[in-house]
Amino acid sequence: MNIAFTLPFAVIVIGAFLAVTRSNILHAVFGLAISLVGVAGAFLALGSPFTAVMEVLIYVGGIAVTMIFAVMLSSVSSPAERGGFLRKSLAALVAGLFLAGGSLIIVNADFGAGNHLSTDAWSIQAVGRDLLDRFNLAFESLSLVLLLAIVGAIVIVRREPVLPADQDDAPEEEAA
Amino acid sequence: MSQSITDYAPQTITELVGNPWLAMPMAAGIIMGALTVNVLMLVWAERKVSAWIQRRMGPTEVGPYGLLQTLADMLKLISKQLITPANIDKPLYHLAPLMAFAPVVGAVALFPVSRDYVLLDNDLGLLFVFALGGMAVIAIFMAGWGSNNKYALLGAVRSVAQNISYEIPLILSALSVVLVVNAMGGSTASGLNLSHIAWVQSHEHVWFILLQPLAAIIYFISALAETNRAPFDIPEAESELVAGFHTEYSGMRFSLFFFSEYTNMLIVSMLAVVLFLGGWDGPLLPGPAWFFLKSYALIFVMMWVRWTFPRLRFDQLMTFCWTVLIPLSILNLLATALAISVL
């Protein structure tokens, strides 16, 4: 088997294994980053350098860094609390079912004959034209989803405004 | 200049040597040798420039004009003991210097030093440079987190926030240049190819700093922030954080961070030269001479800025990026797109 094809997939599997087994959340994020670099390598091996570079730029440089950022801003420097046995097995059950279902669909899917390697089909021009022309609606609705996510994040972190009535009550309690 | 604009293709080292397995180590050797000399000279130049601005002498003892001072410093760093602090996060701590070092070496191969030769000619060169630059952020965070030191962690936190914020105006300002390249240089060649960007400027006899002055200014400011240089050197503000994310690194491990930092300065300057200052284009002198003359002139400006302006506060830094640079760069991009579609 071609090393150019096996190496990226080995990196993906090793990274994914690190991402799910490490209890240290930052190690898990770095495992995910390794896995994503592997995905970029797989795109490169499949003859699509543009997708590979975007994978590194967006997923490694953007998403993984954002995750690190989220870890940084939350207070998880203490060891994470461990759930009970029931909770863990329920999570494992859900994840296992998801894996089984996903694998079943992928194995049974008929992808049709693959296109032969061509630099043109995945060139930056072709991708750009498809995104803004053929898949215009999907592309724009994705931006809407991202906007909603940002607004949602702001709503979640917003503190409740302190009502004047509460302020009146508080000093009395302290005094008493 | 009879060559038409679309069939320009510089020779790569693989084409020159004929064998990719021979060309790869050769290119790596060329890059490593050039970068080592570059870092040694830049550290010396930084000390001389700072001395000159502060009316001091700078290094004078080792070699003529103190030229060999950094060589002596390098030998000292190589022979120093590697101190490993207690209770570090071992894999992250040990991998971080390598993670910081490898991407910058890779990015250097993409730059068109002259009209006819380039180490690696890639249609996505600009994207590759940004993608590799994004990986540096992860290395900095690995170092800060792995060191088990609050100053290192604070430095890393600041650095990550600063880098991902200033990446946006950096890429947006480069993108408006790509639009201009694509409008001028025909649709067949990629506007992301660094050789092509330089070639179009030489062919059309216009440097893009004249067409995109605002983008050039935004790019330069963001580049200062991306390389963690003063007035944006908040991640390693020595009066607050000892040395920021590399506080706990000594000897060669520290040198690797230092190496990548000074190489990053060269990379952003070379990218600015390619995007805005015509690359190797210039009269009389050969291409590589112009290319490096322009790059080092920009580095001199970066040093000049560093020793002239005081450090910003962190909130000033972030507010400046999100309320001034990003809106301006988006407006500039829209205006460029509008101008291209009208003209």
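The sequence lines fix the lettering, A, B, ..., with proteins before strands; numbering per chain opens at 1.
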Using distance alone, with no hydrogens and no angle criterion, decide if Asn163(B) and Ser159(B) have a side-chain donor and acceptor under 3.5 Å apart. yes
Please check if the number of heavy atoms outside Met318(B) that lie under 6.0 Å from its CE is greater than 12. yes
Contact part of Ala161(B) toward chain A, heavy-atom cut-off under 4.5 Å: side chain, backbone, both or neither? both
Within a reach of under 6.0 Å around CZ of Phe257(B), are more than 12 heavy atoms found that belong to other residues, nucleotides or ligands? yes
Which atoms of Leu92(B) are under 4.5 Å from chain A, going by heavy atoms: the side chain, the backbone, both sets, or neither? side chain
Leu97(A), CG atom: more than 12 neighbouring heavy atoms under 6.0 Å: yes
Toward chain A, the part of Val160(B) with a non-hydrogen atom under 4.5 Å: both
For Val37(A), is it the side chain, the backbone, both or neither that has a heavy atom under 4.5 Å from a heavy atom of chain B? side chain
Apply the test side-chain contact (heavy atoms from CB on, under 4.5 Å) to residues Tyr219(B) and Val177(B): give CA-CA distance (whole Å), side-chain angles for both, the deciding distance (0.1 Å), then the verdict. CA-CA 11 Å; Tyr219(B) 176 89; Val177(B) 171; over 6 Å; no
So which part of Leu124(B) gets closer than 4.5 Å to some heavy atom of chain A, the side chain, the backbone, both or neither? side chain
